[in-house]
Amino acid sequence: MDRIVLRRRGDVVEAWRCTGDATAAEVTRLPSDELPGWVRERERTPVRWVWDDTTRWYPALLDAGVRVERCTDLRLTHAVLRRSPFVDQWPLAGEDTPGWDDLQPVTTAEHALFPLADPADRLDPVAEHDRQQAALAASAERGRLALLLAAESSGALVAAEMTHAGLPWRADVHERLLTDALGPRPPAGVRPPVLERLAGEVRAALGAPGLNPDSAVELLRALQAAGLPVDDTRQWTLEQVDHAVVAPLLEYKKLARLLSAHGWSWLETWVRDGRFRSAFLPGGVVTGRWSAQGGGALSVPVAVRPAAVADDGWQLVVADVAQLEPRVLAGMSGDAAMAEAARSADLYQGMVAGGAVATRAEAKLGMLGAMYGGTRGESGRMLPRLARRYPRAIELVEEAARAGERGAVVSTLLGRGSPLPTGAWAQRGADLGEPPDDDGPREDRDRARRAWGRFTRNFVVQGTGAEWALCWLADLRNRLWRLGGGTPAQRPHLVFFLHDEVVVHTPEHLAADVTREVRAAAVTAGRLLFGGFPVDFPLDVAVVRSWADAG
DNA sequence: ATACAAGGCGCC
DNA sequence: AAAGGGCGCCTTGTAT
């Protein structure tokens with residue numbers, strides 16, 4: 001397959017076509033505004049586009065109605081290769097390396113207008129691509145790394161397409177929801193009526209007439225002055241207390257949160273033309289999970305999901321994986337007993353059936369503790385029993401924790417490496433002498449060490465889970481495209497992704513096909529990561545008008 | 001005026 | 001006494 005490296009030089013785009021012989025590249029130069037038409041033409045035959053960063057190229061193509069099938073996103077692949085313990089770093093070394101290390105995605109809406117001095121323009125994607133290919137070829141784990149790089153790049157395309165499409169959002173539904181909960185929209189700087197009434201009830205219950213319940217400091221003082229035994233003002237803490245202030249205060253906090261995080265100003269800022277618009281950023285988290293920028297797209301609360309409604313004649317297909325991370329752990333550790341439990345639609349129930357624990361609640365608590373590092377209480381007490389029944393799975397996370405405590409790097413199944421610890425406890429020779437003055441006493445160092453162990457313990461599972469999800473997304477994207485449906489605007493398309501959940505916006509008549517493809521893509525992802533090892537990834541799939549009606 | 005930390009809470 | 005991982009983002013409160 002042809003690879004075409006795109007390089008921007010002023011108003012001109014250079015397209016370097018590589019046919020496998022690195023010395024015989026054929027270069028085409030064309031004005032930027034002719035690029036979309038040229039790309040569309042080239043897409044008639046299989047081609048992989050190689051560019052510095054998808055966020056710098058793809059939005060303009062999508063605006064012009066041009067979709068590409070595959071790409072290599074050098075920014076993302078560089079980041080993976082630079083940190084992978086399976087990659088020798090010397091083939092990646094070049095003058096440009098710090099520039100690639102520091103390259104940031106572009107997330108402004110004005111993607112057509114590049115900043116005057118985009119640091120990307122000083123980088124040479126042709127040279128970087130050669131370096132990356134050399135580094136990959138020299139790796140003993142080139143197979144799994146190649147899969148990771150392909151999945152990461154494919155994720156970049158999905159993210160750009162989702163960002164372009166936006167999540168269908170009914171501002172009128174959202175506004176009605178706000179008015180029902182808070183009362184009519186007040187002028188700026190004034191509390192909505194319902195909040196003002198609740199604030200009054202809180203002040204009366206505490207005998208604190210001037211209290212601003214939005215101030216945690218003031219509120220804590222007032223609660224303590226009224227004799228409540230609390231050291232913070234968290235919801236969980238307040239629920240433990242029996243006092244007349246608790247009910248109105250919890251209600252106030254809930255509604256104040258709705259107002260500030262997803263109220264009228266959120267609507268004005270993030271919803272335009274019936275779409276919630278925010279930027280999805282693949283690789284935004286060290287573990288490989290995505291992050292999002294704008295509007296808190298990765299934490300859309302259940303309370304406002306009724307406003308996510310499919311267009312007329314369309315449906316939302318909402319799919320999520322049940323217990324992704326324990327299933328991933330079963331697969332990556334090759335733990336046959338845990339895989340057996342994972343053959344059930346409910347993995348935790350499968351663990352009960354397998355005789356490891358007595359109740360589903362114990363199974364869940366124990367697994368969360370094993371994956372997050374919980375040692376306290378019931379979660380910690382479950383661990384020995386889990387370790388007896390699922391020795392390979394538990395040993396994998398325990399070893400990841402020990403490695404982290406040593407200051408070592410751990411990696412995901414496909415080879416994404418964890419960052420090096422930065423604390424003074426982890427510096428070379430830290431064990432040998434007295435603790436440095438700036439690193440506190442021994443207990444502090446041990447605490448930091450254990451905290452890093454919990455991070456690396458979770459890294460291997462969360463990161464491999466993110467890899468499964470990337471493979472799922474990538475395959476689903478291809479499957480959705482093959483369903484057809486006419487112009488890009490008439491086809492089923494991904495509109496949302498959150499770690500283990502996707503939402504597809506589809507014309508009604510294709511909803512059943514989309515459901516089938518979402519499930520098939522999950523099977524593909526499992527095979528890609530774990531080959532023939534029998535671990536299932538069952539999905540909950542719902543075809544709904546509104547996101548709130550799923551699950 | 002602006003920047004940042006803390007407290008808090010939403011999502012997985 | 002501390003206590004499960006990863007995020008984004010809001011307001012308040014303080015520092016510069």
Side-chain angles (χ1 to χ4, degrees), chain A residues 107 189 191 195 211-221 230-239 249-250 252-263 265-266 269-270 278-305 320-326 328-329 364-380 382-383 397 400-401 404 410 412 418-419 443-444 446-448 450-466 468-469 496-502 547 551:
Chain A
T107 56
R191 278 200 183 86
L195 272 184
L211 173 69
N212 170 16
D214 293 324
S215 164
V217 176
E218 272 185 53
L219 182 58
L220 181 59
R221 259 198 297 269
V230 294
D231 293 313
D232 59 61
T233 68
R234 288 180 208 141
Q235 180 184 315
W236 188 89
T237 305
L238 295 169
E239 281 168 359
L249 181 52
L250 290 178
Y252 179 91
K253 279 172 157 282
K254 190 180 87 183
L255 294 179
R257 167 83 191 177
L258 173 66
L259 172 68
S260 71
H262 291 94
S265 65
W266 181 90
T269 309
W270 301 112
S278 72
F280 289 89
L281 300 175
V285 179
V286 284
T287 59
R289 278 187 173 180
W290 291 17
S291 63
Q293 199 175 79
L298 268 42
S299 54
V300 178
V302 172
V304 298
R305 291 187 189 184
D320 71 288
V321 197
Q323 305 122 8
L324 173 61
E325 289 181 355
V328 159
L329 175 58
K364 182 172 181 175
L365 210 63
M367 281 310 293
L368 291 181
M371 293 185 300
Y372 290 156
T375 51
R376 177 184 63 119
E378 203 177 346
S379 168
M382 287 297 124
L383 197 61
V397 287
V410 298
T412 61
S418 65
E443 311 86 75
D444 289 354
D446 290 348
R447 193 157 42 241
R450 285 194 300 272
W452 194 258
R454 287 192 298 276
F455 167 66
T456 52
R457 171 195 292 269
N458 186 250
F459 181 95
V460 296
V461 180
Q462 186 184 121
T464 306
W468 183 91
F496 192 80
F497 166 60
L498 179 55
H499 309 323
D500 60 0
E501 175 177 8
V502 295
W547 192 7

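From a predicted model like this one, the values you see are computed outputs, not experimental measurements. Letters go in sequence order (proteins before strands), and every chain restarts at 1.
When distances are taken from the side chain of His499(A) to each of dG8(B), dG5(C), dC12(B), the shortest belongs to dC12(B). For Gln235(A), the side-chain atoms get nearest to dG10(B) when compared with the rest of dG6(C), dG13(C), dG10(B). With dG6(C), dG7(B), dC9(B) as the choices, the nucleotide that has an atom nearest any side-chain atom of Ala216(A) turns out to be dG7(B). The side chain of Ser291(A) approaches dG8(C) more closely than any other nucleotide in the set dG8(B), dT12(C), dG8(C). With dG13(C), dG6(C), dT11(C) as the choices, the nucleotide that has an atom nearest any side-chain atom of Glu218(A) turns out to be dG13(C). Which of dG8(B), dG4(C), dC12(B) sits closest to the side chain of Arg454(A) comes down to dG4(C). For Leu498(A), counting side-chain heavy atoms from C-beta on, the closest listed nucleotide (dC7(C), dA2(C), dC11(B)) is dC11(B). Each of dC11(B), dC9(B), dA2(C) was ranked by its minimum atom distance to the side chain of Arg257(A); first place goes to dC9(B). Side-chain atoms of Ser299(A) lie closest to dG10(B) of the nucleotides dT12(C), dG8(B), dG10(B).
For the pair Arg221(A)/Val217(A), a side-chain contact is recorded, criterion being any heavy-atom separation below 4.5 Å from C-beta on. Using a 4.5 Å cut-off on side-chain heavy atoms (C-beta onward), Leu249(A) and Leu219(A) make contact. Contact check for Trp266(A) versus Val304(A): no side-chain heavy atoms found under the 4.5 Å cut-off. The closest side-chain heavy-atom distance from Val285(A) to His499(A) is not below 4.5 Å.
Atom pair Tyr252(A):OH and dC10(C):P shows a separation of 17 Å (rounding to whole Å applied). Between the CG atom of Leu383(A) and the P atom of dG4(C) there is a distance of 12 Å, given to the nearest Å. Atom CD of Gln293(A) is separated from atom P of dC11(B) by 21 Å (rounded to the nearest Å). One interatomic measurement links the two molecules: CD of Gln462(A) to P of dC7(C), which rounds to 7 Å at whole-angstrom precision. The CG atom of Leu249(A) sits 11 Å away from the P atom of dG8(B) (whole-angstrom rounding). The distance between atom NE2 of His262(A) and atom C1' of dG10(B), rounded to the nearest whole Å, is 7 Å. Rounded to a whole Å, the CZ atom of Phe459(A) is 17 Å from the C1' atom of dG4(C). Between the CH2 atom of Trp452(A) and the P atom of dG6(C) there is a distance of 8 Å, given to the nearest Å.
Contact annotation for Val300(A): backbone-only contact, meaning every heavy-atom pair under 4.0 Å involves sugar-phosphate atoms and none involves a base. Among the protein residues, Asp320(A) comes within range of no part of the nucleic acid, since none of its heavy atoms lies under 4.0 Å from any strand. Counting non-hydrogen atoms under 4.0 angstrom, Leu368(A) reaches a base of the nucleic acid. Residue-level contact check: Gly294(A) touches the backbone only, with heavy atoms under 4.0 Å from sugar-phosphate atoms and none from bases. Among the protein residues, Arg457(A) comes within range of no part of the nucleic acid, since none of its heavy atoms lies under 4.0 Å from any strand. Nucleic acid contact for Ser379(A): none, since no nucleic acid atom lies under 4.0 Å from a heavy atom of the residue. Using a 4.0 Å heavy-atom cutoff across all strands shown, Arg450(A) reaches no nucleic acid atom at all. Across all strands shown, Glu325(A) has no heavy atoms under 4.0 Å from either base or sugar-phosphate atoms. Residue contacts shown for Arg289(A) include a base, since a base heavy atom lies under 4.0 Å away.
Of all non-hydrogen atoms in Val461(A) and Val328(A), the two that sit nearest each other are O-CG1, 4.1 Å.
When both distances must be under 3.5 Å, the Watson-Crick or G-U wobble mate of dG4(C) does not exist. Using N1 to N3 plus N6-O4 or O6-N4 for Watson-Crick, or N1-O2 and O6-N3 for G-U wobble, each under 3.5 Å, dT2(B) pairs with dA15(C).
Side-chain nitrogen and oxygen atoms of Ser215(A) include at least one within less than 4.0 Å of the OP1 or OP2 phosphate oxygen of dG13(C). A close approach under 4.0 Å does occur between a side-chain nitrogen or oxygen of Lys253(A) and OP1 or OP2 of dC9(B). Between Asn458(A) and dG4(C), a side-chain N or O to OP1/OP2 separation shorter than 4.0 Å is absent.
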Run the numbers on Lys364(A) and Leu368(A) for side chain to side chain contact (heavy atoms under 4.5 Å, CB included), then give the verdict. CA-CA 6 Å; Lys364(A) 182 172 181 175; Leu368(A) 291 181; 4.1 Å; yes

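Annotation: the span from Leu298(A) atom CG to Leu498(A) atom CG amounts to 4.5 Å, rounded to 0.5 Å.
Taking a cutoff of 4.0 Å between a charged side-chain nitrogen and a carboxylate oxygen, Glu239(A) and Lys253(A) do not qualify as a salt bridge.
Each of Ala297(A) and Thr287(A) has a nearest nucleotide on DNA chain C; the 5'-most of these lies closest to Thr287(A).
Put simply, Tyr372(A) rests on the base of dG5(C): the two rings are less than 5.5 Å apart at their centres and nearly parallel, under 30°.
The separation of dG7(B) from dA2(C), taken at their P atoms, amounts to 14 Å, rounded to a whole angstrom.
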